[in-house]
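These figures come from a predicted structure and were not determined experimentally. Below, each value reflects all heavy atoms present in this structure, side chains not excepted, and no hydrogens, waters or symmetry copies.
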Amino acid sequence: MTDYEGRKKKIRGLFVQDLKRSILNPRFFVGIVFVLVILLPPAVLDTPLNGSRSYLHGFGNVFHASGFSPFAAVFPALAYAAVYCQEHGSGYLWMILHRTGFPDFVKVRVATVACSGGLLIALPVIIVCLIVYIGGAHGLPTGTDSGIISGSRILEAIAVYGDWYVIIGKAILGFLFGALWALVGFAFAVWIPNRYVSLLAPFILYDALWLFIGFKSYNPAYLLSGDDVNRGNYPLAVFIDLVYMAIAVLMIYVGIRQERKG
């Protein structure tokens, strides 16, 4: 086995181990339960599930009337973003940096934090969306629902690609939203290694940006559902998420590099 192959195998093993730690922990499952507790009532109590209303009506209840959006950034960092603070204080961080090297550690930890935060949001979103879709009327809205999201690009997309465009779009946007705010929590943990800061600061930043940016497509509050991003332009919402994630990763990289030099 060459040195390159040995390094790849070591990194792969570290990634698998770190991914297990990021998901198979109580905080991850507690976060999922909390998100479900918020999203399920508007899906099953406020939405008729007998096929009498369009599933888009139910999606509106879930994503816009549930009260989840103002607090959505609280949850992604719960699972694994703040573990860096424990590692920083215990000395584990320096051991793992010495073992893997700085660039490889950053790559692995960014990936596992993003996965844990993304799944924490995406899994409840998928569950709730499937419940609403199964209990709703499919296809383009008709009758009393014909005016739902009038003028939205989503209606054009459904006509071309079908309902799964919306369902898969919500799942992808939910994952990216969770990944983004988990990485923001990780970035705060790197620069200010305090568990409470890494958990609360993303929420404060999220709400501050929501208030200051206002009714713009790049408002972080719109990226969870994508419905208000340029009239429901899901690909644009994905692109904006990726830009924000790139900024968060850059902040993480610079912060850990500075920490290592110090």
Quiz item: Ile240 and side-chain contact (heavy atoms from CB on, under 4.5 Å): which partner among Leu236, Val238, Val243?
Solution: Leu236

Quiz item: What residues, two or more places apart in sequence or in another chain, satisfy salt bridge (Lys or Arg N to Asp or Glu O under 4.0 Å) together with Arg231?
Solution: none

Quiz item: Does any donor atom in the side chain of Thr112 or Asp18 lie under 3.5 Å from an acceptor atom in the other side chain?
Solution: yes

Practice problem: Could you walk me through whether Val62 and Val132 pass side-chain contact (heavy atoms from CB on, under 4.5 Å), step by step? | Solution: CA-CA 9 Å; Val62 169; Val132 171; 4.1 Å; yes

Quiz item: For the hydrophobic clusters of this structure (ILVMFWY residues joined by side-chain heavy atoms under 4.5 Å, transitively), does one cluster hold both Ile127 and Phe75?
Solution: yes

Just distance, no hydrogens or angles: give the donor-acceptor pairs under 3.5 Å from side chains in residues 26-47, sequence neighbours left out.
from, atom 1, to, atom 2, distance (Å)
Arg27, NE, Leu78, O, 3.4
Arg27, NE, Ala79, O, 3.3
Arg27, NH2, Ala79, O, 3.4
Thr47, OG1, Pro42, O, 2.6
Thr47, OG1, Asn61, ND2, 3.0

Practice problem: Establish whether Trp164 and Ile134 are linked, either directly or via other cluster members, by ILVMFWY side-chain heavy-atom contacts under 4.5 Å. | Solution: no

Quiz item: According to the ring-ring contact (aromatic ring centres under 6.0 Å, His included) rule, which pairs have a member within residues 222-257, sequence neighbours left out?
Solution: Phe102-Tyr253, Tyr165-Tyr234

Quiz item: What residue pairs, at least two apart or across chains, pass salt bridge (Lys or Arg N to Asp or Glu O under 4.0 Å) with a residue in residues 111-125?
Solution: none

When the side chains of residues 154-162 are checked against the rest of the protein, which donor-acceptor pairs come out under 3.5 Å, sequence neighbours left out?
none

Quiz item: For residues Tyr80 and Arg21, is any side-chain donor paired with an opposing acceptor at under 3.5 Å?
Solution: yes

Exercise. Applying side-chain contact (heavy atoms from CB on, under 4.5 Å), run through Val110 and Ile252 and close with a yes or a no.
Key: CA-CA 8 Å; Val110 162; Ile252 292 165; 4.3 Å; yes

Practice problem: Find out if a path of hydrophobic residues (ILVMFWY) with successive side-chain heavy-atom gaps under 4.5 Å connects Leu211 to Leu224. | Solution: no

Practice problem: State plainly whether the residues Lys216 and Asp228 are in salt-bridge range, i.e. N to O under 4.0 Å. | Solution: no

Quiz item: For the atom pair OG (Ser69) and NE2 (His64), what is the distance rounded to the nearest 0.5 Å?
Solution: 7.5 Å

Exercise. Test Lys107 against Phe15 for side-chain contact (heavy atoms from CB on, under 4.5 Å), laying out the working first.
Key: CA-CA 9 Å; Lys107 290 175 187 176; Phe15 172 75; over 6 Å; no

Practice problem: Flag yes if Ile168 and Val166 sit in one hydrophobic cluster, no otherwise; membership is Ile, Leu, Val, Met, Phe, Trp, Tyr, and two members link when side-chain heavy atoms are under 4.5 Å apart. | Solution: yes

Practice problem: Please work out whether the ring planes of Phe105 and Tyr84 are parallel, tilted or perpendicular, with thresholds of 30° and 60°. | Solution: tilted

For a quick test of your reading: what N or O donor-acceptor pairs under 3.5 Å do the side chains of residues 180-195 make, sequence neighbours left out?
from, atom 1, to, atom 2, distance (Å)
Trp191, NE1, Met251, O, 2.9
Asn194, OD1, Tyr196, N, 2.9
Asn194, OD1, Val197, N, 3.2

Exercise. Walk me through it: do Lys170 and Asp227 pass the test side-chain contact (heavy atoms from CB on, under 4.5 Å)?
Key: CA-CA 9 Å; Lys170 296 295 187 191; Asp227 296 339; 2.8 Å; yes

Exercise. Check the angle between the aromatic planes of His138 and Tyr133 and answer parallel, tilted or perpendicular using the 30° and 60° thresholds.
Key: parallel

Quiz prompt | Exercise: identify the closest heavy-atom pair between Ala122 and Ala171 | solution = CB-O, 4.0 Å

Quiz prompt | hydrophobic_cluster_shared for Leu242 and Val106, side chain cutoff 4.5 Å | solution = yes

